[in-house]
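Whatever order the structure lists them in is the order used to number ligands and atoms, beginning at 1.
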Amino acid sequence: MTQLDTRPRGALLRPGDDGYDAGRAAWNRNARQAPAAVVMARDPADVVAAVRLARAEGRGVGVMATGHGTSVPCDGGVLVNTSRMTGVRVDPRTRIARVAAGTRWADLAPVAAAHGLVGLPGSSSRVGIVGYTSGGGFGWLGRRYGLASGWVTAADVVTADGDLVRVDARRHPELLWGLRGGGGALGIVTTLEFALHPVVRVHGGNLFYPVERAREVLAAYAAWAAPHPDEMASAVAFRRFPPLPAVPAPLRGRLVMAVRGCWCGSDLAAGERLVDELRTALGPPVLDTFGVLPAAHLDPISSDPVDPLAAVGHCELVRALTPEAIDALVELGADSPLVMLELRRLGGALLGPSAQLSPMGRTEARYSLNAIGMTPTPESGAAVRSFLARLAAAVRPHATGGTYLNFLDADGATPTRVRAAYTPADWQRLVELRRRWDPDDVFRFSRHGRQRASVGTAR
Ligand SMILES: Cc1cc2nc3c(=O)[nH]c(=O)nc-3n(C[C@H](O)[C@H](O)[C@H](O)COP(=O)(O)OP(=O)(O)OC[C@H]3O[C@@H](n4cnc5c(N)ncnc54)[C@H](O)[C@@H]3O)c2cc1C
């Protein structure tokens, strides 16, 4: 290894340098990190140099594209910031997209849409494609097409040795399996390739009801969603809106129930008919936003926040919306400090062969539960965390004990919870893969990073 090998062409920022603070700042302001160096990578060679620099200095390596999912702060390590590595290529013939490490779903959408194609983003197109896909990745098209990770065909990866390797079904098939949901701990992906899907328009939106009708809405939603074909994805949520002029008047400053849906079958009228069934069952909502949306722009369905903020969450996989589970949710949700308590319907292709690694592909749970609170002050942080602990205890009797990797944040990514995101067999396979590809635990600042130190699984 020469000195040259360890010098990136993109900026190498040390504490005190201009740009260091911006380079280490995660979207979720709760994920504060103090790296020894930040490399603003411009290309794969910079990523190679960053890994070699870290090795030369005896440090670990972290990677961040957007900071939506920074879970183990890169304290004292070399942080590879990939936000400048953007780029999208779509081959309309093979329907394969090739994206650079820092690309967000919003960057891919217009390029894919020009060919009548879409990827499988989640509720926010501001999230990075590589981070999202490395943790499974499920969104509004998931019940029809499965997890985003199941569609990965190839990747270029910088290994813990600082080598750039091509990964596909022929070269390093085991590593390909690990990249399809293994949580970003096997190497730094510099480009990712995956299949797209022919969807142009969807029928999607929300029906909002007063929170006082929570029990009725949850029961009607559970009955409505149970028999749905895979083309229909849906969720039910307690949702608190801020008192801002941009929020529609019926929701402004209020806690409400939202029933969300997205029909991605070719017959859009069939989706509208399904929504009509719920309108009939529940009567007029306070606001009805269902309509035809471009498949390339599904963000209005969840209207997730765009600007950076401090938030903390908790995720469980819920077996079913039984009357007892509904009782527990009503008691918790009706007076919570959270901005969102959402149950998303699982099933369909999320249980199919594309769900290769995440336990969502092997779970008996019908719903994922994702609870999120804002923590702008220490006091609000304490209130939200104490509420989330109460929620976890109350939901436990109705949950499988499993969880979903992508929803584990800086609080949630404990060794036990990360392990609970996998089946025991997948977990063991992943541990062996990490031992082979990263024996020195170079990529320790990932959701899997706390494992070795805490439970000694691989050393
Ligand atoms: C508002 C919001 C909405 C969300 N909605 C959904 C949703 O609907 N469905 C869903 O499944 N998830 C969802 N998530 C979770 C999201 O998918 C994860 O937080 C994901 O990790 C974010 O990836 P990122 O690259 O944007 O974030 P980052 O914080 O930049 O990266 C997160 C992690 O991904 C890994 N990673 C990133 N880049 C690389 C790379 N080049 N090589 C290897 N590993 C890498 C690293 O382990 C890194 O720590 C949401 C999160 C937020 C904040």
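A distance-only check finds a donor-acceptor pair linking the side chain of D438 to the backbone of V442 [under 3.5 Å]. Within the 3.5 Å criterion, the main-chain N or O of L120 finds a donor-acceptor partner in the side chain of Y132.
Residue, atom and distance of the protein heavy atom nearest to atom 44 (N) of ligand 1 are G184 CA, 3.5 Å. The nearest heavy-atom contact from the protein to atom 53 (C) of ligand 1 is H68 CD2, 3.3 Å. What sits closest to atom 9 (N) of ligand 1 on the protein, heavy atoms only, is F138 O, 2.8 Å. Nearest to atom 10 (C) of ligand 1 among the protein's heavy atoms is Y132 CE1, 3.3 Å. With respect to atom 1 (C) of ligand 1, the closest heavy atom belonging to the protein is D304 OD2, 3.7 Å. Looking only at protein heavy atoms, the nearest one to atom 34 (O) of ligand 1 is G131 CA, 3.4 Å.
Within a 4.0 Å radius of atom 21 (O) of ligand 1, the protein contributes at least one heavy atom.
Residue contacts with ligand 1 include G137, since one or more of its heavy atoms lies under 4.0 Å from the ligand. At least one heavy atom of G187 sits less than 4.0 Å from an atom of ligand 1. Heavy-atom separations between G67 and ligand 1 include at least one value shorter than 4.0 Å. At least one heavy atom of G183 lies less than 4.0 angstrom from ligand 1.
Taking the charged nitrogens against the carboxylate oxygens, E342 and R239 have no contact shorter than 4.0 Å, which rules out a salt bridge. A salt bridge is defined here as a Lys NZ or Arg NE, NH1 or NH2 lying under 4.0 Å from an Asp or Glu carboxylate O, and D107 with R126 fails to meet this definition. Classification of R435 and E174 as a salt-bridged pair fails, no side-chain N sitting under 4.0 Å from a carboxylate O. Salt bridge present: D168 and R171 bring a charged side-chain N and a carboxylate O closer than 4.0 Å.
In this pair, F290 and H203 present their aromatic rings parallel. The plane angle is below 30°, not in the 30 to 60° band. A perpendicular orientation is assigned to the rings of H172 and W437, their planes being inclined by more than 60° (bins at 30° and 60°). Taking the six-membered ring where the residue is Trp, H68 and W27 present parallel rings, their angle staying beneath 30° rather than reaching 60°. Note: F241 and F208 have perpendicular aromatic rings, judged against thresholds of 30 and 60 degrees for the angle between ring planes. W224 and H228 have perpendicular rings, their planes meeting at more than 60° on a 0 to 90° scale where under 30° would count as parallel.
More than 12 heavy-atom neighbours from other residues, nucleotides or ligands sit within 6.0 angstrom of CZ on R59.
When each atom of ligand 1 is checked for a heavy atom of S446 under 4.0 Å away, the hits are 47 (O). Set against the non-hydrogen atoms of M64, the atoms of ligand 1 under 4.0 Å away are 30 (O). The atoms of ligand 1 that sit less than 4.0 Å from any heavy atom of R344 are 7 (C), 8 (O), 9 (N). Close contacts of ligand 1 with R447, meaning ligand atoms under 4.0 Å from a residue heavy atom, involve 18 (C), 19 (O), 21 (O). Close approach to A65 involves these atoms of ligand 1, each under 4.0 Å from a residue heavy atom: 25 (O), 30 (O). Residue T70 has at least one heavy-atom neighbour below 4.0 Å for each of these atoms of ligand 1: 29 (O).
The option from F445, W27, Y404 that lies nearest to atom 11 (O) of ligand 1, judged by heavy atoms, is Y404. Between the choices G182, G69, G128, the shortest heavy-atom distance to atom 33 (C) of ligand 1 belongs to G69. Looking at W140, F407, F443 and measuring to atom 6 (C) of ligand 1, the nearest heavy atom belongs to F407. In this comparison of N406, V72, V189, I372, the heavy atom closest to atom 42 (N) of ligand 1 sits on V189. Closest heavy-atom approach to atom 40 (C) of ligand 1 within the set L120, L408, V130, V80: this belongs to V130. For atom 38 (N) of ligand 1, the nearest non-hydrogen atom from the set D409, N370, V63, I188 comes from V63. Among L405, V127, L186, the residue whose heavy atom sits closest to atom 16 (C) of ligand 1 is V127. In the candidate list G122, S123, A101, A41, S123 is nearest to atom 5 (N) of ligand 1, counting heavy atoms.
R98 meets the side chain to side chain donor-acceptor pair (under 3.5 Å) test with D156, E193; sequence neighbours excluded.
Defined by atom type and a distance below 3.5 Å, a donor-acceptor pair is present between the side-chain atoms of H448 and Y422. Counting only N and O atoms by type, the side chains of S234 and R345 include no donor and acceptor under 3.5 Å apart.
Distances between N or O atoms of T66 and those of ligand 1 include at least one value under 3.5 Å.
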